[in-house]
Number of protein chains: 2
Amino acid sequence: MINTALHEQAWSHPLLCKLGSIADLSDEEKQAILDLPVSVKVVEADIDIVQDGDRPSDCVLVLSGFVCRYKILPDGKRQIMGFYIPGDIPDLQSLQLDVMDNSVGALVRSSVALIPHRSLREMLRRFPNLNDILWRDTLIDAAMFREWMIGLGRRSAYQRIAHLLCELQVRLQTVGLAKVNGCELPITQNEFGDALGLSTVHVNRVLQDLRRDGLIVLRGSMLEIPDWEALQAVGEFDPTYLHLKK
Amino acid sequence: MINTALHEQAWSHPLLCKLGSIADLSDEEKQAILDLPVSVKVVEADIDIVQDGDRPSDCVLVLSGFVCRYKILPDGKRQIMGFYIPGDIPDLQSLQLDVMDNSVGALVRSSVALIPHRSLREMLRRFPNLNDILWRDTLIDAAMFREWMIGLGRRSAYQRIAHLLCELQVRLQTVGLAKVNGCELPITQNEFGDALGLSTVHVNRVLQDLRRDGLIVLRGSMLEIPDWEALQAVGEFDPTYLHLKK
DNA sequence: CGTGCCTTTGAATCTGATCAAATTAGGTGG
DNA sequence: CCACCTAATTTGATCAGATTCAAAGGCACG
């Protein structure tokens with residue numbers, strides 16, 4: 001028997017949507033996730049959700065908006081280490097590592113669900129498969145870091161930006177937040193720079209190059225990708241590292 | 001009652017040594033690890049242990065030598081994404097992600113233990129705490145990637161090299177492979193470059209700068225760190241991200 | 001005592017940073 | 001609905017860190 005209520009919620013619950021994109025969930029497991037006690041919180045743009053050095057007792061699930069993981073260096077420079085979208089749990093690591101070694105902040109007004117570690121642990125104990133899936137999720141996170149490392153270390157600014165746009169487009173698509181040929185990206189050029197190890201000025205120039213070459217159309221925060229194959233080729237983007245189910 | 005045989009082996013078993021540095025292990029858990037069926041294999045320098053695209057059925061535990069995780073780009077460039085030393089399991093991720101998105105290769109003749117996924121999973125099922133500890137280990141791996149990202153994105157070549165030397169010194173110390181003021185690093189300048197996103201030529205020049213400034217003494221593969229505090233300061237090295245027990 | 005890998009040196013070049021300032025866009029209050 | 005304010009984008013000019021190319025030493029190993 002299919003639980004209709006469950007299936008209706010499933011679509012609307014970003015975490016089910018996201019986890020469903022990387023593994024199969026049984027109805028029982030879905031229900032367990034829906035049963036998690038959460039407190040929803042709205043976070044304004046540029047406000048931290050978790051800070052470097054914190055010892056969180058909850059995990060943060062992004063429900064709407066756009067969030068990033070970053071660290072501020074002694075000289076004030078910022079390195080953004082990942083963008084997180086609805087369905088993501090940017091500080092899932094806090095379940096196993098007591099102290100945060102980076103901050104998580106909102107790029108735009110976002111809503112997040114706080115899930116107590118205690119409830120999460122209890123659920124994982126009851127459903128070992130969910131434990132595996134969340135572990136898997138943190139490993140995919142790590143794979144994204146590695147892919148960014150490759151960009152930072154060995155790819156040109158032009159390739160790096162193309163690659164990041166591809167990654168975001170694919171990830172947004174898996175949670176239904178992108179059209180086939182584009183998406184909304186509320187990320188400033190300054191933030192792109194902090195993520196890709198580039199200056200804002202250079203990001204701006206390279207974006208212009210990408211536009212000139214017909215690889216992207218960018219109006220405000222609306223990204224359109226006229227030729228997906230081409231952009232993918234430029235960015236050497238191969239989605240294998242996202243480990244999505246086919 | 002303390003099991004003497006266990007305790008003798010514990011010191012010599014690099015995996016116990018390593019896991020012991022990030023979490024507490026009960027005697028039962030230690031014994032379970034020692035009981036893992038392994039097949040030991042010697043790998044020559046510059047030979048791959050696991051390759052990009054593989055679907056491994058074993059995990060690789062480094063017993064001796066020096067190993068790295070890397071990826072080759074379409075244009076032939078290589079990005080090294082991590083160095084692995086005795087006690088490390090560079091492809092632990094393969095337990096949860098079926099296809100490898102990078103290769104693991106030996107930098108020098110190394111010996112590794114192959115541990116079947118099946119045995120590992122069985123052990124983790126019996127000892128949930130070990131499951132947590134291995135998850136934790138992969139999260140620390142991810143934290144190292146992030147720290148490298150910061151270097152690649154925002155730190156100068158001079159800082160980046162200093163930081164890497166600090167990281168390796170600390171990690172080697174935790175498994176008893178470093179003296180207080182130095183260690184052996186069988187890493188060529190070319191490999192440093194591929195790890196840090198620098199050309200071999202530039203690595204060479206920066207190493208000379210570090211020597212000139214009295215921060216390191218490097219003869220062959222022997223690294224000596226005359227002033228740990230100073231090197232740490234230059235590299236902005238803060239070991240928090242390694243999440244070691246105090 | 002070669003031979004091959006690794007390190008070192010030199011010179012020219014380039015990608016991307018920095019600094020400074022103008023323009024545009026988005027959001028707010030009158 | 002417009003004026004204003006701030007944040008974001010864009011432009012120009014100069015500078016620097018790191019790359020590339022080429023070639024010469026050094027060192028270890030057979």
Side-chain angles (χ1 to χ4, degrees), chain A residues 44-47 66 68 73 75-80 105-109 151-164 184-212 216-223 234, chain B residues 44-47 66 68 73 75-80 105-109 151-162 164 184-213 216-223 234:
Chain A
E44 297 303 320
D46 298 315
I47 299 296
F66 233 90
C68 78
L73 303 202
D75 61 359
K77 285 181 191 156
R78 171 175 67 167
Q79 176 68 45
I80 291 179
L107 293 176
V108 293
R109 166 192 272 259
L152 288 165
R154 290 291 176 217
R155 287 199 260 255
S156 68
Y158 192 78
Q159 294 180 292
R160 249 180 269 183
I161 294 185
H163 192 280
L164 178 54
E184 201 196 334
L185 290 182
I187 302 176
T188 67
Q189 295 182 4
N190 182 30
E191 286 153 359
F192 272 118
D194 284 347
L196 298 170
L198 300 169
S199 68
T200 310
V201 172
H202 203 234
V203 168
N204 181 274
R205 293 188 168 123
V206 173
L207 281 175
Q208 288 178 53
D209 292 343
L210 286 166
R211 279 190 272 227
R212 171 178 45 72
I216 61 171
V217 180
L218 200 53
R219 264 194 314 279
S221 61
M222 288 305 303
L223 169 70
V234 163
Chain B
E44 296 303 321
D46 299 314
I47 299 296
F66 233 89
C68 77
L73 302 203
D75 61 359
K77 285 181 192 155
R78 171 175 66 167
Q79 176 69 45
I80 292 179
L107 293 176
V108 292
R109 165 193 273 257
L152 288 165
R154 291 290 175 218
R155 288 199 260 255
S156 68
Y158 192 79
Q159 294 179 292
R160 248 181 269 183
I161 295 186
L164 178 54
E184 201 195 334
L185 290 181
I187 302 176
T188 67
Q189 295 182 2
N190 182 31
E191 286 153 357
F192 272 118
D194 284 346
L196 298 171
L198 300 169
S199 67
T200 310
V201 171
H202 202 233
V203 168
N204 181 273
R205 293 187 169 124
V206 174
L207 281 175
Q208 286 177 55
D209 292 343
L210 286 165
R211 279 190 273 226
R212 170 178 45 71
D213 298 343
I216 60 171
V217 180
L218 200 54
R219 263 193 314 277
S221 61
M222 288 305 303
L223 168 70
V234 164

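Numbers restart at 1 for each chain; the letters A, B, ... are given by sequence-line order, proteins then strands.
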Inset, instruction - List the atom of Leu152(A), the atom of Gly153(B), and the distance in Å for their closest heavy-atom pair. - result: CD2-CA, 3.9 Å
Inset, instruction - Could you check Ile80(B), Leu164(B), Ile161(B) and say which one makes a side chain to side chain contact (heavy atoms under 4.5 Å, CB included) with Phe192(B)? - result: Leu164(B)
Inset, instruction - Rounded to the nearest angstrom, tell me the gap between atom CZ in Arg78(A) and atom C1' in dA17(C). - result: 18 Å
Legend entry - Spacing between Gln189(B) atom CD and dC6(C) atom C1', to the nearest angstrom: 8 Å
Inset, instruction - Would you tell me whether Gln189(B) and Thr200(B) have side-chain atoms, one donor and one acceptor, within less than 3.5 Å of each other? - result: no
Inset, instruction - Using whole Å, report how far CG of Leu196(A) lies from P of dT15(C). - result: 18 Å
Inset, instruction - Examine distances only and state if a side-chain atom of Gln79(A) and a backbone atom of Asp194(A) form a donor-acceptor pair shorter than 3.5 Å. - result: yes
Inset, instruction - Return yes if some donor-acceptor pair links the side-chain N/O of Arg155(B) with the main-chain N/O of Arg160(B) below 3.5 Å, else return no. - result: no
Inset, instruction - Can you tell me the distance, in whole Å, between the CD1 atom of Ile187(A) and the P atom of dT9(D)? - result: 11 Å
Inset, instruction - Report the distance from atom CG of Asn190(A) to atom C1' of dT10(D), rounded to the nearest whole Å. - result: 14 Å
Legend entry - Closest non-hydrogen atom pair between Ala157(B) and His202(B), with its separation: CB-CE1, 3.6 Å
Would you list the protein and nucleotides 2-5 of chain C atom pairs, both N or O, that sit under 3.5 Å from each other?
none

Inset, instruction - Determine: side-chain N/O of Asn204(A) to OP1/OP2 of dT10(D), distance under 4.0 Å, yes or no. - result: yes
Legend entry - Rounded interatomic separation in angstrom, taking CG from Asp209(B) and P from dA18(D): 10 Å
Legend entry - Length of the line joining Leu152(B):CG and dA18(D):P, which is rounded to integer Å: 12 Å
Inset, instruction - Among residues two or more places apart or on two chains, list those pairs meeting salt bridge (Lys or Arg N to Asp or Glu O under 4.0 Å) that have a residue in residues 198-209 of chain A. - result: Asp209(A)-Arg212(A)
Inset, instruction - Under 4.0 Å between any heavy atoms, over every strand shown, what does Arg211(B) touch: base, sugar-phosphate, or nothing? Just pick one. - result: sugar-phosphate
Legend entry - Arg155(A) vs Glu191(B), nearer the 5' end of DNA chain C by closest nucleotide: Glu191(B)
Inset, instruction - Please check the phosphate of dT11(D) (OP1 and OP2 only) for any side-chain N or O of Gln208(A) closer than 4.0 Å. - result: yes
Filtered N/O pairs between nucleotides 19-23 of chain D and protein, under 3.5 Å:
residue : atom : partner   : partner atom : Å
dT19(D) : OP1  : Gly197(B) : O            : 3.4
dT19(D) : OP1  : Ser199(B) : N            : 2.9
dT19(D) : OP2  : Ser199(B) : N            : 3.0
dT19(D) : OP2  : Ser199(B) : OG           : 2.7

Inset, instruction - Nearest whole angstrom, please: distance from the C1' of dC27(D) to the CE of Met222(B). - result: 17 Å
Inset, instruction - Of all the heavy-atom pairs spanning Arg78(B) and Arg154(A), show the shortest one and how long it is. - result: O-NE, 3.1 Å
Legend entry - Over all atoms of both residues, closest heavy-atom pair of Ala162(B) and Val234(B): CB-CG1, 3.7 Å
